[in-house]
Amino acid sequence: MSDTHSQGPRSSRARSWWGWGWADAHPGDAECAALGALLPGTLATPLPVPRVADLRIGPPAVRPPASLAPLVTEDPAERAAHAMGKAYRDVIRALRGRPGRLPDLVARPARDQDVADLLDWAGGRGVAVVPYGGGSSVTGGVEYRGDAHRAVLSLDLTGLDRVLEVDTTGRAARIQAGILGPALEAGLRPHGLTLRHFPQSFAFSTLGGWLATRAGGHYATGRTRIDDFAQSLRVVTPAGTGESWRLPASGAGPSPDRLFLGSEGALGVITEAWMRLTERPRHKASAAVSFRRFADGLQAVRAVAQSDLAPANCRLLDAGEAALSGAARDGSAVLVLGFESATGPVDARLAAAVELAREHHGVLTEVAGSPGSDAVGAWRSAFLRMPYLRDGLARMGAVAETFETAATWDRLPGLVEDVRAATAAAAREATGHPATVNCRLTHVYPDGAAPYFTVLAAGRPGDEAAVWDHIKSAATETLHRHRATVTHHHAVGRDHRPGYDRQRPEPFALALRAAKDALDPHGILNPGILVGP
């Protein structure tokens with residue numbers, strides 16, 4: 001076991017306060033206009049990039065005591081940057097100069113005791129506390145809505161950013177919750193280990209955020225969710241601090257970690273975790289298989305998921321998604337397959353998966369390293385670039401909604417068809433223009449899969465957020481009708497709360513409310529998340 005105390009590299013690039021990712025990576029005006037030209041009914045010229053200086057930011061309603069003042073700032077730029085997450089709804093509100101209620105203060109604790117002291121002060125003053133990691137929430141998880149609290153404190157955990165300890169024997173590490181993805185992996189790399197959790201927001205999200213939202217990663221099978229990697233959590237609550245034991249497994253009653261995984265800061269603040277690691281892969285292989293019919297692709301993916309091949313990547317793109325990403329432009333659906341291993345070659349496993357796809361009318365179109373089109377690479381590049389393009393479309397007044405779910409294989413074909421129809425109809429009703437609705441499978445399991453939908457439509461100038469809400473409502477209602485989860489890996493937040501309230505059993509809701517009352521007696525932790533008004 002070794003102490004690393006690694007902080008990892010810090011980027012000198014500036015984050016966008018209003019949109020996704022890096023400020024210098026956003027499309028320019030010309031690219032925005034070109035994107036808008038792809039959809040009927042968009043603006044003639046892009047909305048200007050918003051400036052913090054144009055916001056009306058009043059003085060904070062409270063100020064911290066002298067003992068906490070070094071941890072807290074009331075800087076307007078910091079308050080604006082911590083007001084919202086990165087959903088389309090957040091981006092368009094910023095573009096329209098309506099970001100909602102800004103936090104009065106932003107705090108950056110450097111240790112557990114700082115977190116405890118801040119919670120104690122906030123509880124005594126009736127100040128709402130919204131835990132904040134990388135701010136990449138796309139479900140309204142890091143903003144305050146309403147007026148029940150006199151003031152709002154954004155609790156930014158990124159000062160807790162170290163890999164503290166690595167157990168190479170047990171392949172686990174003790175890591176602070178505020179560390180961003182790249183710094184986390186940099187701290188593990190000298191040991192030849194990896195957490196192997198790479199969500200699309202990897203560069204802009206934290207370990208604590210992944211745990212608090214039960215985030216899904218890039219990998220399509222096996223350990224797809226952060227839950228699978230969590231060995232032990234340390235959590236600071238207004239009622240006290242607790243830490244679960246490090247164990248490979250336990251049958252000792254309900255797991256304490258399960259209470260806080262997915263709790264989104266409503267029950268406590270995750271400050272540290274022991275995480276299970278794996279060796280860094282040395283052998284990789286990938287391929288692309290095309291299908292004339294998406295339905296055949298579904299059958300092929302099910303066959304692969306129910307085999308023992310365990311691909312790292314098994315993403316099925318429908319024809320629209322394949323064309324959008326550049327993986328195919330001939331109307332075909334495309335299955336992107338990838339395998340990796342730290343112990344031996346994976347070519348045989350890839351070949352077996354391709355053969356299963358062929359049995360369902362799949363045609364091998366690419367093997368990594370072979371000459372010709374690079375469907376796998378095109379998809380990967382588009383995957384990382386897509387959030388920036390979404391913001392470019394938002395500047396043109398277009399609506400770009402994405403949402404994901406999961407359902408069992410028997411329900412999946414009907415679910416995909418009905419979601420397409422319902423969201424397309426909702427978009428046309430709200431805008432008067434046709435919408436593009438694409439689908440891909442992001443994660444696959446022996447008993448079902450997680451479809452991810454993208455809806456692209458013209459907006460209603462000045463009222464784009466209402467169009468987004470209308471489409472979201474139609475999608476949520478369709479998911480509920482098919483008993484598909486309201487979210488597979490994007491968390492509940494505030495945007496998915498109506499669907500979550502209908503999905504969970506009432507006795508569980510009763511227990512969750514009791515846990516909230518016991519752990520957060522003043523009701524200050526991320527109000528409106530999971531339980532309460």
Worksheet item: Could you go step by step and tell me if Leu95 and Asp391 meet the side chain to side chain contact (heavy atoms under 4.5 Å, CB included) rule?
Response: CA-CA 10 Å; Leu95 286 168; Asp391 292 357; over 6 Å; no

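- The aromatic rings of His443 and His489 are tilted relative to each other, their planes meeting at an angle between 30° and 60°.
- Other residues, nucleotides and ligands contribute over 12 non-hydrogen atoms within 6.0 Å of the CG atom of Asp24.
- The two residues Trp468 and Asp495 have their closest heavy-atom pair at CH2-OD2, 3.6 Å.
- To the nearest 0.5 angstrom, Arg111 atom CZ is 12.5 Å from Thr271 atom OG1.
- Taking all atoms of both residues into account, the shortest heavy-atom contact from Ala128 to His149 is CB-CG, 3.7 Å.
- The distance from atom CZ of Arg101 to atom CD of Glu143, rounded to the nearest 0.5 Å, is 12.0 Å.
- At least one donor-acceptor pair under 3.5 Å links the side chain of Arg460 to the backbone N or O of Ala430.
- Considering only heavy atoms from C-beta on, Pro50 stays 4.5 Å or farther from Arg93 through its side chain.
- Contact between His82 and Ser154 at its shortest, heavy atoms only, is CD2-OG, 3.3 Å.
- Residues Arg276 and Arg223 meet the side-chain proximity criterion, which asks for heavy atoms closer than 4.5 Å.
- Heavy atoms from other residues, nucleotides or ligands lying under 6.0 Å from CZ of Arg483 number 12 at most.
- When side chains are defined from C-beta on, Leu47 counts as touching Arg96, because their heavy atoms get closer than 4.5 Å.
- In this structure, Arg162 CZ and Ile179 CD1 are separated by 9.5 Å, a value rounded to the nearest 0.5 Å.
- Side-chain contact check for Phe453 versus Thr423: every heavy-atom pair is 4.5 Å or farther apart.
- Side-chain contact between Val106 and Asp75: absent, with no pair of heavy atoms (C-beta onward) separated by less than 4.5 Å.
- Under a 3.5 Å cut-off, the side chain of Arg89 and the backbone N or O of Asp469 do not form any donor-acceptor pair.
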Item to complete: Would you sort out whether Arg108 and Asp114 count as a salt bridge (charged side-chain N to carboxylate O under 4.0 Å, His left out), showing the intermediate values?
Response: CA-CA 9 Å; Arg108 282 191 173 85; Asp114 293 341; over 6 Å; no

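- Partner Pro64 forms a side-chain contact (heavy atoms from CB on, under 4.5 Å) with one of Leu71, Val72, Val127 and no other, that one being Val72.
- Checked against Arg234 for a side chain to side chain donor-acceptor pair (under 3.5 Å), the options Glu243, Gln176, Glu272 give a single hit: Glu243.
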Worksheet item: Going through the distances and angles, do Arg125 and Val62 end up as a side chain to side chain contact (heavy atoms under 4.5 Å, CB included)?
Response: CA-CA 9 Å; Arg125 298 294 301 274; Val62 295; 4.2 Å; yes

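- Taking the six-membered ring where tryptophan is involved, the planes of Tyr388 and His26 are perpendicular, since the angle between them exceeds 60° and thus also 30°.
- For the side-chain contact (heavy atoms from CB on, under 4.5 Å) with Thr405, the qualifying choice from Thr487, Leu415, Val486 is Leu415, the only one to do so.
- Under a 3.5 Å cut-off, the side chain of Ser232 and the backbone N or O of Ser244 do form a donor-acceptor pair.
- No cation-pi contact links Arg390 to Tyr88, judged by a cut-off of 6.0 Å to the six-membered ring centre and 45° from its axis.
- When all heavy atoms of Asp318 and Cys439 are compared, the pair lying nearest together is OD2-N, 2.8 Å.
- Between Asn526 and Glu264 the shortest heavy-atom distance is ND2-O, 2.8 Å.
- For the pair Pro238 and Leu519, the tightest heavy-atom approach, listed with the atom from each and the gap, is CD-O, 3.1 Å.
- Using a 4.5 Å heavy-atom cutoff, the side chains of Thr478 and Arg481 are in contact.
- A donor-acceptor pair is defined here as one N or O able to donate and one able to accept, closer than 3.5 Å; such a pair exists between the side chain of Asp104 and the backbone of Val152.
- At distances below 3.5 Å, at least one donor-acceptor pair connects side-chain atoms of Arg504 with backbone N or O atoms of Leu530.
- A donor and an acceptor atom, one from each side chain of Asp257 and Ser255, are nowhere located under 3.5 Å apart.
- At least one donor-acceptor pair closer than 3.5 Å links the side chain of Lys516 to the backbone N or O of Leu525.
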Worksheet entry | side chain to side chain contact (heavy atoms under 4.5 Å, CB included) between Phe403 and Val138, intermediate numbers included | CA-CA 9 Å; Phe403 58 94; Val138 292; over 6 Å; no

Item to complete: Might you work through the side chain to side chain contact (heavy atoms under 4.5 Å, CB included) test for Asp117 and Ser67, ending with a clear yes or no?
Response: CA-CA 9 Å; Asp117 291 344; Ser67 60; over 6 Å; no

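- Remark: side-chain polar atoms of Thr206 are paired, donor with acceptor, to backbone N or O of Gly209 under 3.5 angstrom.
- Contact annotation: the side chain of Leu55 approaches that of Pro99 to within less than 4.5 Å [non-hydrogen atoms, C-beta and beyond].
- Distance alone, capped at 3.5 Å, places no donor-acceptor pair between the Asp501 side chain and the Pro498 backbone.
- Rounding to the nearest 0.5 angstrom, the gap separating the OH atom in Tyr132 from the CG atom in Leu153 is 13.5 Å.
- With sequence neighbours excluded, the residues satisfying ring-ring contact (aromatic ring centres under 6.0 Å, His included) with His490 are Tyr452.
- How far CZ of Arg196 is from OG1 of Thr224: 10.0 Å, rounded to the nearest 0.5 Å.
- In this structure, the side chain of Arg315 does not engage the main chain of Ala220 through any donor-acceptor pair within 3.5 Å.
- Of the possible polar contacts, none joining the Glu165 side chain to the Arg174 backbone as a donor-acceptor pair under 3.5 Å is found.
- For the pair Met396/Leu393, no side-chain contact is recorded, criterion being any heavy-atom separation below 4.5 Å from C-beta on.
- Here the OG1-CG distance, from Thr237 to Leu119, works out to 8.0 Å after rounding to the nearest 0.5 Å.
- No salt bridge links Arg440 with Glu404; every basic N to acidic carboxylate O contact stays at or beyond 4.0 Å.
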